[in-house]
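Let me begin by presenting the structure, written as C-alpha cells, before commenting on it.
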Amino acid sequence: MSCLGNLLWFLFGGFWQGLSWLVAGVFWCITIIGIPIGRQCFKLASLTFFPFGKEVRYGGGALSIIANIFWVILSGIPLALAALVNGVLLCCTIIGIPFGLQCFKFVKLAMFPFGATVETKV
C-alpha cells in the first residue's frame, strides 16, 4: 500500500514539495557555513518525495535548537506555508485527506528539521 501511496503522492504534490527542499538545500550549500544545513535539506527532500511508510522522530540538543532558529528565520517559514496550503487544499476532498495529513507532517518538519530522524515503519 505504501508503494501506491508514494506513487500517487509523488504525482499529486510530492514532486513540488521535494523540489522546494532541494532548492533550499542548494541555496544553503552556496556558503561553506550552510553546508550542514543544506545536507539536512537533501535528506528531508528524499522523505518529502516518498513519505509513506516512514516516520519522523524528534530529538536533538542545543546545537539542533540553534540550527532550528537560523533555519526558521531564513528558510522554514516559506516551506511550512507551502506545505500548509497544499495540505489544506488536499483535505478539501475525501480522497486527498491522507495526502493532506502528510503535508501537515511536513509543516512541523519544515519548522524544526534539525534533531529530526527518519525511520522506516515496519
Side-chain angles (χ1 to χ4, degrees):
M1 186 66 183
S2 67
C3 183
L4 178 63
N6 280 328
L7 178 65
L8 291 173
W9 167 260
F10 185 78
L11 294 174
F12 296 112
F15 174 74
W16 295 110
Q17 285 192 10
L19 189 64
S20 65
W21 278 96
L22 286 175
V23 169
V26 168
F27 282 133
W28 276 103
C29 285
I30 290 174
T31 65
I32 293 174
I33 293 174
I35 289 175
I37 296 173
R39 288 184 60 215
Q40 183 74 359
C41 289
F42 296 142
K43 290 177 193 175
L44 297 177
S46 67
L47 170 70
T48 308
F49 281 131
F50 303 108
F52 288 94
K54 297 177 183 166
E55 186 176 338
V56 178
R57 298 207 186 262
Y58 292 94
L63 190 59
S64 295
I65 293 171
I66 293 169
N68 279 328
I69 290 171
F70 283 114
W71 171 260
V72 166
I73 293 170
L74 299 173
S75 298
I77 294 173
L79 286 171
L81 286 176
L84 182 67
V85 168
N86 196 17
V88 168
L89 291 175
L90 285 168
C91 283
C92 288
T93 64
I94 301 279
I95 294 181
I97 290 174
F99 302 114
L101 295 176
Q102 290 295 328
C103 287
F104 296 141
K105 179 171 72 174
F106 294 133
V107 171
K108 182 177 178 183
L109 190 63
M111 293 302 286
F112 308 108
F114 297 97
T117 58
V118 179
E119 299 175 357
T120 304
K121 290 183 186 176
V122 182

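The first residue of the sequence shown is numbered 1, and numbering continues consecutively from there. This structure is a prediction, so every number in the text was calculated from the model and none was measured.
Of all heavy-atom pairs between Ala80 and Ala110, the closest is N-CB, 3.6 Å. For the residue pair Cys91 and Gly100, the shortest heavy atom distance occurs at SG-CA, 3.8 Å. Closest non-hydrogen pair, Ser20 versus Leu79, comes out as OG-CD2, 3.3 Å. Residue Ala83 comes nearest to Cys103 through the heavy atom pair O-CB, 3.4 Å, listed as atom of the first residue, atom of the second, then distance. Across every non-hydrogen atom of Ala45 and Gly18, the tightest pair is CB-O, 3.8 Å. The two residues Pro78 and Ser75 make their nearest non-hydrogen contact at CD-O, 3.3 Å.
Going from atom CD1 of Ile77 over to atom CE of Met111 covers 5.0 Å, rounded to the nearest 0.5 Å. With values rounded to the nearest 0.5 angstrom, Leu44 atom CG is found 12.0 Å from Gln17 atom CD. Here the CD-CG distance, from Gln40 to Asn68, works out to 9.0 Å after rounding to the nearest 0.5 Å. The distance from the NZ atom of Lys105 to the CD atom of Glu55 is 8.0 Å, given to the nearest 0.5 Å. In this structure, Ile65 CD1 and Phe70 CZ are separated by 13.5 Å, a value rounded to the nearest 0.5 Å. We find the OG1-CG distance between Thr48 and Leu19 to be 11.0 Å, quoted to the nearest 0.5 Å.
Side-chain contact between Phe15 and Leu11 is absent, with no heavy-atom pair separated by less than 4.5 Å. In this structure the side chain of Asn86 never reaches within 4.5 angstrom of the side chain of Trp16, judged on heavy atoms. Using a 4.5 Å cut-off on side-chain heavy atoms (C-beta onward), Val56 and Phe106 make no contact. Side-chain contact between Lys108 and Tyr58 is present, with at least one heavy-atom pair separated by less than 4.5 Å.
Val72 and Ile66 end up in different hydrophobic clusters when Ile, Leu, Val, Met, Phe, Trp and Tyr side chains are linked at under 4.5 Å. The same ILVMFWY cluster, assembled from side-chain heavy atoms under 4.5 Å apart, contains both Trp71 and Ile73. Residues Val26 and Leu22 share a single hydrophobic cluster, defined by chaining ILVMFWY side chains whose heavy atoms lie under 4.5 Å apart. In terms of hydrophobic clustering, with Ile, Leu, Val, Met, Phe, Trp and Tyr side chains grouped at heavy-atom distances under 4.5 Å, Ile35 and Ile30 are assigned to different clusters. Linking Ile, Leu, Val, Met, Phe, Trp and Tyr whenever their side-chain heavy atoms come within less than 4.5 Å leaves Ile33 and Leu74 in two separate clusters.
By the 6.0 Å contact criterion, CD1 on Ile95 is open, its count of non-hydrogen atoms from other residues, nucleotides or ligands being 12 or less. Summarising the local packing, CZ of Phe114 is surrounded by more than 12 heavy atoms from other residues, nucleotides or ligands at distances under 6.0 Å. Other residues, nucleotides and ligands contribute over 12 non-hydrogen atoms within 6.0 Å of the CZ atom of Phe42. When the shell of 6.0 Å around CG of Leu89 is examined, it contains more than 12 heavy atoms from other residues, nucleotides or ligands.
Residues that satisfy the ring pair (Phe, Tyr, Trp, His ring centres under 6.0 Å) test with Phe49, not counting sequence neighbours, are Phe10.
Aromatic rings of Trp21 and Trp28 (six-membered ring for Trp) have centroids beyond the 6.0 Å cut-off, not under it. Taking the six-membered ring for Trp and the full ring otherwise, Phe52 and Phe99 have centroids separated by under 6.0 Å.
At distances below 3.5 Å, not a single donor-acceptor pair connects side-chain atoms of Trp9 with backbone N or O atoms of Leu4.
In the hydrophobic clustering, Leu101 connects to Leu84, Val88, Ile97, Phe104, Val107, either directly or through intervening members, whenever side-chain heavy atoms lie under 4.5 Å apart.
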